[in-house]
Peer 1: 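Sharing a structure with you now.
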Amino acid sequence: MQSLPGFRDFLPDDCAVRNYIFACWREVARRYGFIEWDGPLLEPTELYKKKSGAEIVDQLFNFIDKGEREVAMRPELTPSLARVIAAHEREFKKPLKWFSIGQFFRYEKQQRGRLREHFQLNCDVIGEANLAADIELVALCIDLLRGFGFTEKDFFVRISDRDFWTDFLREKDVPADRWDELLQAIDKSGREPREKTAEKLGKLADPIFSILNSGGTSEKLDQLVDGLRERGLSDYVAIDVGIVRGLAYYTGAVFEVFDRAGKFRAIAGGGRYDNLVAQLSDSAVSLPALGFAMGDVVLGELVNETVHARQKLEKAIADDRKIDIYVVIAKEQRRGDALKQIQQLRDRGYRVDYPLTSEKVGKQFQTAEQLGAHVAILFGDEWPQVKIKNMGTAAQELVLWEELTNRLPELR
Ligand code: HAM
């Protein structure tokens, strides 16, 4: 039996990487005052049909459940968030700053950086229309990646503004019901042959290509960059109106994060979606909103390929795996005494391991070393004394077993 295409097994090393990524995400999001929430893995298919856009709906893992409901594994979090906000917004003081870490499912063609399941960190601000929130969010996105050890040489944020394009389309008298389709075509223009994009854009192809080539900007985007400059983060951003975002609900500033070398797909993406809460609640609740999501797949690949980020990860994983104490049972008669101590040490929060069955002493010390134990405690002929060996310096000393707990600070 094999796993399904695009689904991963997480062996212990993969889990360690995943935990490291989650821990960095959580730590930096908390630094920015975001609090954690989560939604369900399964939602009514309708939730995505209503506003995510055609691309995501094509990629849904959906089915009819036993109660004849049309349901879908969540491909993204934003529609669930908008639904939850519409139902609970009165319970919270605005603006809300919420983050979430969870798994998402998209029936995509499996390729480098794109699988059929992935984890995302989502960070969203609800109830704040001021550009200060957009700046804060881009800064958070940058700091999340700096948290992994990346610098401005490794990645950058391409920021854009959907209003720039909707203003343009309005000016060209394009009816609003065609905007989505044209925005999608612009979004894909960097990844598709020029002729294909030109065909989709029709008579607007020339002016749009000329904007894409010369690079446009807007007052809003200049302000955004200025805000990041004040924080010393402007080296991490570039205005690029070629970024439009594939999802249908974005309304204002949008951004995507890429590796500088241009080897990978987007690491993160997001923007403003000021109308989504109102659209999903049939206008019962209307709140401005913005957010982004960062995926674990491309991020993991980039960490792996970037020496300083990889070293940081390896050190963190090695430190996390270390145990404090390995108990060496040199005489089987002492196993009961040793287990009593082990229980006490674990109760006090120490990471303690020992051999489950009789083993040669040399082998036990080898295991102690492999597990990165700070000290080994030997239960043997010296009883009621036990031998404490510092695994780093190899210094040894005998202490009465009752004294062990007094020595605890040194054992870590
Ligand atoms: P998205 O751009 O569709 O945005 O996804 C965000 C990130 O998730 C991508 O940049 C990528 O790193 C990762 N990702 C997406 N699909 C896959 C896949 N099939 N395999 C691996 N990684 C993937 C959203 O999902 C928006 N809901 C983000 C957002 C939050 N906007 C506002 N708030």
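All residue numbers in this chain count up from 1 along the given sequence. Read the numbers this way: they start at 1 and go in the same order the structure lists the ligands and their atoms.
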Peer 1: If you compare all heavy atoms of V84 against all heavy atoms of W37, which two are closest, and at what distance to 0.1 Å?
Peer 2: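 So the two residues come closest at CG2-CZ3, 4.0 Å.
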Peer 1: Could you work out, with salt bridge (charged side-chain N to carboxylate O under 4.0 Å, His left out) as the rule, every residue matching K389, not counting sequence neighbours?
Peer 2: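 With neighbours one apart ignored, the set is empty.
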Peer 1: What I want to know is whether Y273 and ligand 1 share at least one N or O pair that is separated by under 3.5 angstrom.
Peer 2: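 No, Y273 has no N/O under 3.5 Å of an N/O on ligand 1.
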Peer 1: At what distance is the nearest protein heavy atom to atom 33 (N) of ligand 1, and which residue and atom is it?
Peer 2: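 Ranked first by proximity to atom 33 (N) of ligand 1 is D124 OD2, 2.7 Å.
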Peer 1: Could you tell me whether R335 and E332 make a salt bridge, using a distance below 4.0 angstrom between a side-chain N and a carboxylate O?
Peer 2: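 Yes, this pair counts.
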Peer 1: For atom 7 (C) of ligand 1, what's the nearest protein heavy-atom neighbour? Residue, atom name and distance, please.
Peer 2: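 So the nearest neighbour among protein heavy atoms is A293 O, 3.7 Å.
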Peer 1: How far is atom 5 (O) of ligand 1 from the closest protein heavy atom, and which atom is that?
Peer 2: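 For atom 5 (O) of ligand 1, the nearest protein heavy atom comes out as Q120 NE2, 3.4 Å.
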Peer 1: Report yes if some N/O of L115 lies less than 3.5 Å from some N/O of ligand 1; otherwise report no.
Peer 2: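 Checking ligand 1 against L115, an N or O pair does fall under 3.5 Å apart.
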Peer 1: My understanding is that we take every heavy atom of each candidate and find the minimum distance to atom 27 (N) of ligand 1. Doing that for Q110, R112, E76, which one comes out nearest?
Peer 2: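 The nearest heavy atom belongs to E76.
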Peer 1: I'd like to check W401 versus Q341 (side-chain heavy atoms, cut-off strictly below 4.5 Å). Are they in contact?
Peer 2: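 Yes, at least one pair of side-chain atoms sits under 4.5 Å.
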Peer 1: Table please: side-chain donor-acceptor pairs of residues 256-273 below 3.5 Å, with sequence neighbours left out.
Peer 2:
residue: E256; atom: OE2; partner: R245; partner atom: NH1; Å: 2.7
residue: D259; atom: OD1; partner: F264; partner atom: N; Å: 3.1
residue: D259; atom: OD2; partner: G262; partner atom: N; Å: 3.1
residue: D259; atom: OD2; partner: K263; partner atom: N; Å: 2.7
residue: R260; atom: NE; partner: E152; partner atom: O; Å: 2.8
residue: R260; atom: NH2; partner: E152; partner atom: O; Å: 3.3
residue: R260; atom: NH2; partner: D235; partner atom: O; Å: 2.9
residue: K263; atom: NZ; partner: E305; partner atom: OE1; Å: 2.5
residue: R265; atom: NH1; partner: Q111; partner atom: OE1; Å: 3.3
residue: R272; atom: NE; partner: D134; partner atom: OD1; Å: 3.2
residue: R272; atom: NE; partner: D134; partner atom: OD2; Å: 3.2
residue: R272; atom: NH1; partner: E128; partner atom: O; Å: 3.1
residue: R272; atom: NH1; partner: D274; partner atom: OD1; Å: 2.8
residue: R272; atom: NH2; partner: E128; partner atom: O; Å: 2.8
residue: R272; atom: NH2; partner: A129; partner atom: O; Å: 3.3
residue: R272; atom: NH2; partner: N130; partner atom: O; Å: 3.3
residue: R272; atom: NH2; partner: D134; partner atom: OD1; Å: 3.0
residue: Y273; atom: OH; partner: D124; partner atom: OD2; Å: 2.6

Peer 1: I want to check something: taking the side chain as every heavy atom from C-beta on, are E397 and R407 in contact at a cut-off of under 4.5 Å?
Peer 2: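 Yes - at least one pair of side-chain heavy atoms lies under 4.5 Å apart.
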Peer 1: For atom 24 (C) of ligand 1, what's the nearest protein heavy atom and its distance?
Peer 2: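 Atom 24 (C) of ligand 1 sits closest to the protein heavy atom L247 CD1, 3.6 Å.
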Peer 1: Would E36 and S100 count as having a side-chain donor-acceptor pair, cut-off 3.5 Å?
Peer 2: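 There is no such pair (donor and acceptor under 3.5 Å, judged by atom type) between the side chains of E36 and S100.
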Peer 1: In the protein, what heavy atom is nearest to atom 11 (C) of ligand 1, and what distance, to one decimal place, separates them?
Peer 2: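 The closest heavy atom on the protein side is A266 O, 3.7 Å.
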Peer 1: Does an N or O anywhere in R106 fall below 3.5 Å from an N or O of ligand 1?
Peer 2: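 Yes.
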Peer 1: Less than 4.0 angstrom from a charged side-chain N to a carboxylate O is my criterion; do D296 and R8 meet it?
Peer 2: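 Counted as a salt bridge, because a side-chain N and a carboxylate O are separated by less than 4.0 Å.
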Peer 1: Among all the protein's non-hydrogen atoms, which is closest to atom 12 (O) of ligand 1, and how far away is it?
Peer 2: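 That would be I267 O, 3.0 Å.
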Peer 1: Can you list the atoms of ligand 1 that are under 4.0 Å from a heavy atom of Y249?
Peer 2: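 Those atoms are 26 (C), 27 (N).
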Peer 1: Kindly say whether the aromatic ring centers of W98 and F92 come within a distance under 6.0 Å.
Peer 2: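 Yes.
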Peer 1: Which residue and atom name correspond to the protein heavy atom nearest atom 18 (C) of ligand 1, and how close is it?
Peer 2: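 In this structure, atom 18 (C) of ligand 1 has R114 CD, 3.3 Å as its nearest protein heavy atom.
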Peer 1: So is there a nitrogen or oxygen of R245 less than 3.5 Å from a nitrogen or oxygen in ligand 1?
Peer 2: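 Yes, there is a polar N/O contact under 3.5 Å.
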Peer 1: Quick check: does E256 get an N/O under 3.5 Å from an N/O on ligand 1?
Peer 2: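 Such a contact does not occur with ligand 1.
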Peer 1: Can you tell me the protein heavy atom closest to atom 21 (C) of ligand 1 and the distance?
Peer 2: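 Ranking protein heavy atoms by distance from atom 21 (C) of ligand 1, first comes G113 O, 3.3 Å.
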